[in-house]
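Quantities reported herein were computed from a predicted structural model and do not represent experimental measurements.
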Amino acid sequence: METTRQAERHRTAAERRRRELLEAADRVVLRDGPGASMNAIAAEAGITKPILYRHFGDKGGLYRALAKRHTDALLSALRAALDAPAERRARVEATLDTYLAAIEARPQVYRFLMHPSDDATPSPEQGFDVGRHSAPLLRRLGEELATVIAERVDLGPDGEVMARIWGHGIVGMMHAAGDWWLGERPCARAQLVSSLADLLWGRLSEAGDRPGGPGF
């Protein structure tokens with residue numbers, strides 16, 4: 001019994017330490033964006049780099065942990081927008097706005113997750129190999145959105161496939177349009193939201209709710 005309690009205490013302490021290290025990494029990412037380095041994160045956490053590697057394995061492991069942390073929070077916010085008591089068009093706009101507001105509020109985090117470092121001559125200690133990891137992040141968002149669509153919208157006999165097409169297509173649209181907008185700021189966020197909702201609205205406005213589902 002004592003061994004079990006000790007193992008549980010060790011696991012709890014390890015989880016708490018991991019959270020603390022991720023919070024330190026977040027602070028560095030907010031400051032440095034895609035140029036964040038393992039050295040800087042270790043220094044922020046007050047530990048040596050080998051200890052950081054012990055918790056996450058390598059840069060890719062730390063990136064994936066940070067990506068999951070931020071993607072989980074974003075998905076929770078998107079689902080809250082989809083569940084809001086409002087007309088369908090308003091919820092579509094609220095969902096788009098939730099995504100754009102998130103990348104606008106923390107652009108350095110967004111750039112860290114989606115863009116490699118702009119440093120022309122990066123050393124092994126600078127930046128993360130972001131290009132390898134951003135595609136799985138977008139695929140996860142696409143699958144999650146596909147699940148929501150399949151639960152809520154009646155898309156006919158091929159509904160599951162259609163929901164996945166829509167889910168990945170919408171995420172691709174949000175990502176590409178948001179990336180362009182965040183870099184150039186050619187219009188207000190509200191105008192971008194309205195324009196993207198117009199683009200989505202055709203078939204979505206005609207589809208009925210899925211019988212027995214939560215509705216959309």
So, taking the atom named [atom1] in [X] and the one named [atom2] in [Y], what distance separates them when rounded to the nearest 0.5 Å?
X	Y	atom1	atom2	answer
Arg27	Ile41	CZ	CD1	10.5 Å
Arg18	Phe56	CZ	CZ	4.5 Å
Ile149	Glu144	CD1	CD	12.0 Å
Leu199	Met173	CG	CE	6.0 Å
Leu74	Leu141	CG	CG	6.0 Å
Leu96	Ser194	CG	OG	10.0 Å

Heavy-atom closest pair, residues [X] and [Y]:
X	Y	answer
Leu145	Gly167	CD2-O, 3.8 Å
Ala65	Leu22	CB-CD2, 3.8 Å
Ala40	Val28	O-CG2, 3.7 Å
Leu78	Thr95	CD2-O, 3.4 Å
Asp32	Gln108	C-NE2, 3.6 Å
Leu52	Met38	CD2-O, 3.6 Å

Practice task
Please list, chain by chain and in numerical order, all residues satisfying side chain to side chain donor-acceptor pair (under 3.5 Å) with Glu15, sequence neighbours excluded.
Solution key: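 Counting only residues at least two positions away or on another chain, Glu15 forms no side chain to side chain donor-acceptor pair (under 3.5 Å).
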Practice task
Could you pull out all residues at least two apart from Arg89 that satisfy side chain to side chain donor-acceptor pair (under 3.5 Å)?
Solution key: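 Glu93, Asp198.
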Practice task
Output, in order, the C-alpha distance, side-chain angles, deciding distance and verdict of side-chain contact (heavy atoms from CB on, under 4.5 Å) for Thr98 and Arg79.
Solution key: CA-CA 10 Å; Thr98 295; Arg79 280 189 173 272; over 6 Å; no
Exercise for the section: Test His175 against Tyr99 for side-chain contact (heavy atoms from CB on, under 4.5 Å), laying out the working first. Expected result: CA-CA 9 Å; His175 170 59; Tyr99 173 82; 4.0 Å; yes
Practice task
Assess whether salt bridge (charged side-chain N to carboxylate O under 4.0 Å, His left out) is satisfied between Asp26 and Arg31, documenting all intermediate values.
Solution key: CA-CA 9 Å; Asp26 262 344; Arg31 185 186 71 221; over 6 Å; no
Practice task
Decide side-chain contact (heavy atoms from CB on, under 4.5 Å) for Arg111 and Leu182; before the verdict, give the C-alpha distance in whole Å, the side-chain angles of both, and the deciding distance to 0.1 Å.
Solution key: CA-CA 10 Å; Arg111 293 185 180 104; Leu182 192 63; 4.2 Å; yes
Practice task
Flag yes if more than 12 heavy atoms outside Glu160 fall under 6.0 Å of its CD atom; otherwise flag no.
Solution key: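 Atom CD in Glu160 is not packed in, count stays at 12 or less.
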Problem - Greater than 12 external heavy atoms within 6.0 Å of Arg69's CZ - result: yes
Problem - Summary of salt bridge (Lys or Arg N to Asp or Glu O under 4.0 Å) pairs that have at least one residue in residues 171-193, sequence neighbours excluded - result: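 Listed once each, the pairs are Asp97-Arg189, Glu104-Arg185, Glu104-Arg189.
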Without swapping roles, check the side chain of [X] against the backbone of [Y] for a donor-acceptor pair under 3.5 Å.
X	Y	value
Arg91	Ala86	yes
Asp158	Val161	no
Trp181	Cys187	yes

Exercise for the section: Carefully, step by step, assess Leu138 and Met114 under the rule side-chain contact (heavy atoms from CB on, under 4.5 Å). Expected result: CA-CA 9 Å; Leu138 291 171; Met114 293 298 179; 3.6 Å; yes
Problem - Carboxylate-amine/guanidinium proximity below 4.0 Å for Arg140 and Glu143 - result: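 Salt bridge: no.
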Practice task
Would you indicate whether the side-chain heavy atoms of Leu21 and Ile51 approach each other to under 4.5 Å?
Solution key: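 Side-chain contact under 4.5 Å: no.
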Handout entry: Side-chain heavy-atom pair Leu200, Leu196 within 4.5 angstrom cut-off
Key = no
Exercise for the section: Verify whether the ring centers belonging to Phe112 and Tyr63 lie closer than 6.0 Å. Expected result: yes
